[in-house]
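Before any comments, here is the structure.
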Amino acid sequence: MLLFVESTPTGVGMSLVRWAVDHAIDAAYVTDRSVPAAKTLLAGEVLDELERRGRVFELASTKTAVVPDGLVAEILTAGGPMGVICSLDQSLEFAAVLAQRVGAPHPSPQAVRTIRDKRAARRFYTRAGIPNLRWNAPGSAGELVSFVESLDGPAVVKNCRGTGSLDVRLVRDADEAVLAFGELSGERRYMGGELLAEEYVQGPLYSLETLVVDGRCHHLGITDRQLGPNPAFCEVSYSFPVQLPAQVEDAMRKAVETCTAALGIPQGMLHTEFVVTAGGPLIIETNMRLAGAAAPLMMNDCLQSPIAAILAAAALGRPLPPTGLNGRGSTTMTVYPPVAGKLSAVHGIDEAGRAPFVTQVLPGAAVGEKVSPPVDFRGHLCQIRTVADSVNLSFNAAIAAARDIRAEVE
């Protein structure tokens with residue numbers, strides 16, 4: 001049985017479930033949403049079929065490390081090889097415990113806990129001998145000020161369990177440190193994470209997408225990403241696959257392979273972000289899941305086999321289909337309004353969908369909802385995905401399609 005734990009709102013997770021159902025795999029969906037609510041997710045109609053098969057498991061919570069005995073017993077009655085796939089950060093530890101209890105190859109719960117907490121991850125990188133950033137866990141505004149003043153330049157303050165550019169600030173001096181600490185301390189942070197401060201390293205941002213099978217890393221490709229203006233760190237576009245100098249890519253691969261070996265990961269996806277500096281790449285963070293947002297759809301566009309087929313084969317211990325690149329390039333551009341406010345109208349979405357090389361326009365905020373310039377993943381108007389015969393062409397096509405989208409805000 002192939003168990004899918006939760007899904008992101010972009011429809012990526014449900015598209016994986018859909019592929020499994022269409023290819024006669026005994027798939028199941030595990031969720032703490034009500035089933036009607038889960039069906040409202042993009043592509044959630046696949047749950048109708050799984051309900052008919054008795055393969056939807058609705059729980060009180062998947063945001064915990066406690067896996068109900070009844071769920072394990074019911075799953076084990078199916079027999080055969082077990083696999084677990086989870087794309088939602090909040091449910092990664094649950095998925096790891098579930099995999100452990102049903103005998104599915106998966107990163108261990110301890111590995112997930114180590115990497116999901118960015119402070120624990122920083123300690124791990126140092127122990128593993130991976131080039132690391134200077135960092136601090138400030139418990140007060142004064143401690144943050146002291147850390148900032150110890151650096152040669154700015155610091156980045158973030159939620160140690162954050163994702164999607166949530167709760168991340170650039171801090172350039174003592175006044176900004178006090179302001180950022182006050183703002184982030186007063187907020188209810190995602191997953192209850194504590195604050196982490198890191199030295200700010202300037203350079204372009206990339207991620208290496210890696211599939212681990214039997215403890216061996218299969219590097220599927222590199223994604224670039226463009227960030228919005230400081231002091232936030234919002235990703236506004238990303239393309240796959242991109243090329244880097246051989247020595248840079250080799251260093252990124254070595255870092256990921258070192259992590260995999262040190263954590264004893266038998267199987268799973270790793271999404272590892274690096275800043276590339278003049279002295280080489282420095283690791284920013286590792287995630288034990290697929291890349292977020294539309295990145296898996298871009299991988300689908302550019303790999304020789306569907307990403308769902310690759311993940312399913314790895315999770316179930318089956319031979320991998322071809323994992324090489326097919327020669328195409330894909331870009332996703334996130335479109336934000338120039339000013340914040342309540343969205344009263346958005347124009348140009350339909351026209352963008354008909355623009356050259358555009359494969360998908362995924363709507364963002366609805367009329368009446370809050371929108372804003374790029375701060376984090378929230379408040380955007382839409383996402384535009386393009387596919388072309390080169391990354392450069394896909395990137396420029398996405399920019400061209402986004403130019404005519406405009407919003408009216410109150």
Lys118, Arg169, Arg122 screened by salt bridge (charged side-chain N to carboxylate O under 4.0 Å, His left out) with Glu198, the one that passes:
Arg122

One should read off an interatomic distance between Leu311 CG and Met299 CE, to the nearest 0.5 angstrom, of 7.5 Å

Under the ring-ring contact (aromatic ring centres under 6.0 Å, His included) rule, collect the residues that match up with His23, sequence neighbours excluded.
Trp19

Under-4.0 Å salt bridge between Arg116 and Glu93:
yes

Less than 4.5 Å apart, any side-chain heavy atom of Cys160 and any of Leu195?
no

Only pairs at least two apart or in different chains count here, so list each salt bridge (Lys or Arg N to Asp or Glu O under 4.0 Å) that has a residue in residues 289-310.
Asp89-Arg289, Asp301-Arg385

Residue pairs involving residues 250-260 (criterion salt bridge (Lys or Arg N to Asp or Glu O under 4.0 Å); sequence neighbours excluded)
Glu249-Arg253

Can you tell me which residue pairs pass the side chain to side chain donor-acceptor pair (under 3.5 Å) test with a partner in residues 67-84, sequence neighbours excluded?
Asp69-Arg101

Would you list the pairs meeting side chain to side chain donor-acceptor pair (under 3.5 Å) in which at least one residue belongs to residues 261-273, sequence neighbours left out?
Glu209-His271, His271-Glu273

CZ/Arg134: more than 12 non-hydrogen atoms of other groups inside 6.0 Å
yes

Apply ring-ring contact (aromatic ring centres under 6.0 Å, His included) to Trp135 and list each qualifying residue two or more places apart in sequence or on a separate chain.
none

Set out, in order, the CA-CA distance, both residues' side-chain angles and the distance that settles salt bridge (charged side-chain N to carboxylate O under 4.0 Å, His left out) for Lys39 and Glu45, then state yes or no.
CA-CA 6 Å; Lys39 289 179 182 178; Glu45 61 273 7; over 6 Å; no

Side-chain heavy atoms of Pro229 within contact of Pro374, under 4.5 Å
yes

Using the rule given for side chain to side chain contact (heavy atoms under 4.5 Å, CB included), can you reason through Leu16 versus Phe4, listing the C-alpha separation, both sets of side-chain angles and the distance that settles it, and then say yes or no?
CA-CA 8 Å; Leu16 303 179; Phe4 293 90; 3.7 Å; yes

